[in-house]
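Worksheet: the structure to be examined is printed underneath.
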Amino acid sequence: MSPKGSPHGEEERLVLEEVEMQKRSSVPRSTSTQQAAQSLFNTYFSRRFMSGCAILFPVVVTAYLTWWFLEFFDNFFSPLYTYLFGFHVFGLGFLTSMLFIFATGVFTSSWMGATLFKLSDYIIRKVPLVKHIYSAAKQVSAAVSPDNEATHSFRECVLIRHPRHGEYAFGFITGQTKMTTPEGELELFSVYVPTNHVYVGDIFLLAAPDIIRHNLSVREGIEVVVSVGMALPGHLQATGR
């Protein structure tokens, strides 16, 4: 062993220190490289996975709802065909249901069908409890019925200041009335503001100056509500109607 103060001893000490430093630095480098590679892989995997979800989500939802729709209507008449012919053909009950709905629309558009429909409507409205459920369901169906021209349903899609100043909510004008005040008659519009889907919401009576009319149609307004705002266009144009 070399003496402590000799040149050889100093060289050995420097060599040992260099080897020790290399050992210490080699572990963190390897670890940091692995961490960087793992982080890169996780980021790439996450982004690609979310991209796949974004692409497949509307496809899966559409396929599921379509399949549910087919099964729902197919189950109405499929048991009848199974009982008569002893076998089940998927889709046959659905086609029969569609034909039945179409035939119902054709029949009720005739004089006899309209008369029978009014008679059944009158009878159902006299049944306790059932009449309330029937009336609510009929109001919903009236909003989407192309033959119901008398009930204008959603007349316009508008904006109102709600619930606080500086905040706005989409609404639909469903009617109008006049309120007598000491200053005279005040014309009020019934504005329906959806709070949960389209047919659950609040009714506000507002004067014309409190309603902001814009360039969106009723159909476009419903799309905005149903899509939770994702169908909102990039620009809204207020109109003076």
Side-chain angles (χ1 to χ4, degrees), residues 65 101 104-241:
L65 292 178
I101 295 173
T104 301
V106 173
F107 179 70
T108 53
S109 63
S110 65
W111 176 83
M112 182 179 294
T115 304
L116 290 175
F117 176 76
K118 289 180 181 179
L119 178 61
S120 61
D121 182 78
Y122 175 79
I123 295 173
I124 295 176
R125 287 181 181 275
K126 296 299 181 181
V127 180
L129 183 62
V130 176
K131 62 181 180 181
H132 301 293
I133 302 174
Y134 176 76
S135 298
K138 188 174 181 181
Q139 289 175 2
V140 173
S141 65
V144 298
S145 175
D147 298 327
N148 192 12
E149 298 178 356
T151 309
H152 295 285
S153 303
F154 295 161
R155 300 182 183 179
E156 292 181 55
C157 177
V158 297
L159 286 175
I160 66 170
R161 292 177 177 86
H162 174 77
R164 292 181 292 271
H165 180 74
E167 297 184 11
Y168 300 89
F170 276 97
F172 302 91
I173 295 180
T174 56
Q176 63 187 91
T177 184
K178 290 184 179 180
M179 182 174 65
T180 302
T181 65
E183 292 78 18
E185 285 191 343
L186 177 63
E187 186 177 22
L188 297 174
F189 291 87
S190 173
V191 179
Y192 171 77
V193 177
T195 56
N196 184 12
H197 210 264
V198 179
Y199 293 107
V200 179
D202 300 321
I203 303 296
F204 298 93
L205 293 178
L206 302 172
D210 297 322
I211 297 174
I212 304 174
R213 290 176 164 87
H214 50 76
N215 59 331
L216 289 187
S217 64
V218 171
R219 180 185 60 81
E220 292 170 330
I222 292 177
E223 288 179 357
V224 172
V225 173
V226 173
S227 67
V228 294
M230 290 186 288
L232 184 68
H235 179 74
L236 286 176
Q237 179 65 46
T239 62
R241 294 178 295 145

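Predicted model only: the values in this text are computed from it and were never measured.
- At a threshold of 4.5 Å between non-hydrogen side-chain atoms, the residues Ile123 and Leu119 count as touching.
- Distance check: His214 NE2 to Glu156 CD gives 9.0 Å after rounding to the nearest 0.5 Å.
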| said: Between Asp210 and Phe189, is the side chain to side chain contact (heavy atoms under 4.5 Å, CB included) condition met? List the steps. | reply: CA-CA 10 Å; Asp210 297 322; Phe189 291 87; over 6 Å; no
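- Note that the CZ atom of Phe117 and the OG1 atom of Thr108 stand 7.0 Å from one another [nearest 0.5 Å].
- Gly201 and Thr195 get closest at one heavy-atom pair: CA-OG1, 3.3 Å.
- Note that NZ of Lys178 and CG of Leu188 are 11.0 Å apart. Values are rounded to the nearest 0.5 Å.
- Rounding to the nearest 0.5 Å gives a distance of 10.0 Å between CG of Leu206 and NE2 of His162.
- In this structure, the separation between CD on Glu220 and CG on Leu232 is 10.5 Å, given to the nearest 0.5 Å.
- Between Phe170 and Leu216, the closest side-chain pair of non-hydrogen atoms falls below 4.5 Å.
- The shortest heavy-atom contact between Cys157 and Gly221 is SG-CA, 3.6 Å.
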| request: Could you give me the CA-CA distance, side-chain angles and deciding distance for Ile173 and Arg213, then say whether side chain to side chain contact (heavy atoms under 4.5 Å, CB included) is met? | output: CA-CA 10 Å; Ile173 295 180; Arg213 290 176 164 87; 3.6 Å; yes
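- Between Pro233 and Leu236 the shortest heavy-atom distance is CG-CD2, 4.0 Å.
- Across all non-hydrogen atoms, the minimal contact from Val218 to Phe172 is O-CE2, 3.8 Å.
- Here the shortest heavy-atom pairing between Pro194 and Val225 reads CB-CG1, 4.0 Å.
- In terms of heavy-atom proximity, Arg125 sits nearest to Lys131 at O-CD, 3.1 Å.
- Within the 4.5 Å cutoff, side-chain heavy atoms of Ile203 are placed close to those of Ser190.
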